[in-house]
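Step one of this worksheet: look at the structure below.
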Amino acid sequence: MKKFKFSLETLLKITTATEKEQKSILAGINNEINHINSLIEKNRNATLAALDESAGSVTLFDFTRYNNYIEYLKKKREELALMLVQKEFERENAQKKLIEIMTKRKSYEKLREKQFEIYKKEVEAEEAKLLDDYMSGKR
């Protein structure tokens with residue numbers, strides 16, 4: 001009796017490995033997005049703190065210094081927002097690619113299941129034939 005061998009096993013293994021790699025890439029992008037979001041939050045907190053401190057500034061020099069710092073934080077926050085948009089776009093593309101890979105893997109798995117069912121029927125037929133041959137005394 002022959003052993004079951006899926007004809008597209010290599011493709012299934014490659015697709016499974018590619019899926020795992022794509023999930024890793026997606027997780028990395030998600031980590032980067034979380035990091036950017038935390039930087040934006042820190043920037044907002046620093047801006048609020050600078051605004052509170054500037055409200056109590058006595059001299060024009062202090063007021064100007066705080067104002068320059070707040071403008072710097074604002075520009076930095078805008079840069080972070082642009083980075084965030086870019087990373088979200090990358091995440092969207094990575095998710096689409098992952099869905100495509102997962103769909104491919106699932107179709108290979110369904111094909112393997114169908115081939116295995118055919119194999120089981122062939123084995124059952126072969127066993128039934130052997131049993132018939134034995135019972136009829138041909139052996």
Side-chain angles (χ1 to χ4, degrees):
M1 216 171 303
K2 63 182 180 177
K3 183 179 172 187
F4 174 71
K5 181 168 175 23
F6 178 49
S7 62
L8 301 174
E9 188 67 36
T10 305
L11 284 175
L12 178 60
K13 286 180 181 179
I14 290 170
T15 305
T16 303
T18 305
E19 179 183 351
K20 186 176 180 181
E21 181 182 335
Q22 189 63 29
K23 285 180 179 179
S24 176
I25 289 169
L26 185 58
I29 293 171
N30 282 330
N31 286 339
E32 291 175 13
I33 287 173
N34 290 338
H35 179 68
I36 292 170
N37 280 328
S38 70
L39 291 175
I40 289 172
E41 186 62 30
K42 286 179 184 177
N43 182 293
R44 284 187 186 128
N45 292 338
T47 302
L48 291 174
L51 284 170
D52 286 345
E53 290 176 23
S54 70
S57 63
V58 177
T59 65
L60 181 60
F61 175 76
D62 288 339
F63 180 76
T64 305
R65 188 181 66 178
Y66 282 115
N67 195 39
N68 288 340
Y69 179 59
I70 291 168
E71 284 299 315
Y72 162 78
L73 290 173
K74 181 180 176 185
K75 287 180 185 176
K76 191 69 173 169
R77 194 169 51 249
E78 289 170 356
E79 290 173 12
L80 290 169
L82 287 174
M83 286 174 56
L84 183 62
V85 168
Q86 179 185 0
K87 288 296 173 185
E88 287 175 343
F89 180 75
E90 286 179 27
R91 176 172 56 187
E92 186 177 318
N93 287 335
Q95 286 173 332
K96 286 178 184 176
K97 189 173 181 181
L98 178 60
I99 290 169
E100 179 182 309
I101 293 167
M102 289 173 71
T103 303
K104 203 183 261 188
R105 177 190 50 81
K106 288 177 183 178
S107 67
Y108 289 140
E109 287 175 346
K110 285 181 183 178
L111 282 172
R112 180 176 60 187
E113 289 173 13
K114 287 179 183 177
Q115 279 188 9
F116 185 68
E117 288 301 317
I118 292 169
Y119 167 78
K120 283 188 346 186
K121 287 179 183 176
E122 289 173 356
V123 167
E124 288 173 3
E126 192 176 317
E127 287 175 351
K129 185 179 182 294
L130 285 174
L131 186 61
D132 284 348
D133 289 347
Y134 179 74
M135 294 304 277
S136 65
K138 290 185 178 178
R139 273 196 150 199

Distance, nearest 0.5 Å, that separates CD of E9 from CD1 of I14: 10.5 Å
N/O donor-acceptor pair under 3.5 Å between Q115 side chain and S7 backbone: yes
Please report the shortest heavy-atom distance between R105 and T16, naming the atom on each side. CD-OG1, 3.7 Å
Does one hydrophobic cluster hold both F89 and I33, with members joined at side-chain heavy-atom distances below 4.5 Å? no
Decide yes or no on side chain to side chain contact (heavy atoms under 4.5 Å, CB included) for Y119 and F116, but give the supporting numbers first. CA-CA 5 Å; Y119 167 78; F116 185 68; 3.9 Å; yes
Just how far is it from atom CG of N31 to atom CD1 of I36, taken to the nearest 0.5 Å? 11.0 Å
Might you point out which heavy atoms bring F63 and S54 nearest each other, and give the distance in Å? CD1-O, 4.4 Å
Taking atom CD of E19 and atom OG1 of T103, what is their separation to the nearest 0.5 Å? 9.5 Å
Please indicate whether F4 has more than 12 foreign heavy atoms, meaning atoms of other residues, nucleotides or ligands, lying under 6.0 Å from its CZ. yes
Got a sec, which residues hit side chain to side chain donor-acceptor pair (under 3.5 Å) with R91, two or more places apart in sequence or on another chain? N30
Give a yes or no on whether a salt bridge exists between K106 and E109, defined as a side-chain N under 4.0 angstrom from a carboxylate O. no
Would you list the atom pairs, donor with acceptor, under 3.5 Å between side chains in residues 71-86 and any protein atom, with sequence neighbours excluded?
from : atom 1 : to  : atom 2 : distance (Å)
R77  : NH1    : N43 : OD1    : 2.7
R77  : NH1    : T47 : OG1    : 3.1

Find the distance between CG (N67) and CG (L51) and round it off to the nearest 0.5 Å. 9.0 Å
Can you see which heavy atom on Q22 is nearest to which on A94, and at what distance? NE2-O, 3.2 Å
Worked verdict on L8 versus R112 for side chain to side chain contact (heavy atoms under 4.5 Å, CB included): CA-CA 8 Å; L8 301 174; R112 180 176 60 187; over 6 Å; no
Minimum heavy-atom distance Y66-A50, with the two atoms named: CD2-O, 3.9 Å
What closest approach, in Å, do L98 and K23 show between heavy atoms, and which atom pair accounts for it? CD1-CG, 3.8 Å
Exactly one candidate in D133, D132, L131 meets side chain to side chain contact (heavy atoms under 4.5 Å, CB included) with K129; the answer is D133
Value for CD (E90) from CD (E32), rounded to nearest 0.5 Å, stands at 7.0 Å
Closest heavy-atom pair and its distance - Y108, L12: CB-CD1, 3.7 Å
Please, which pairs that meet salt bridge (Lys or Arg N to Asp or Glu O under 4.0 Å) have at least one residue in residues 93-102, sequence neighbours excluded? E92-K96
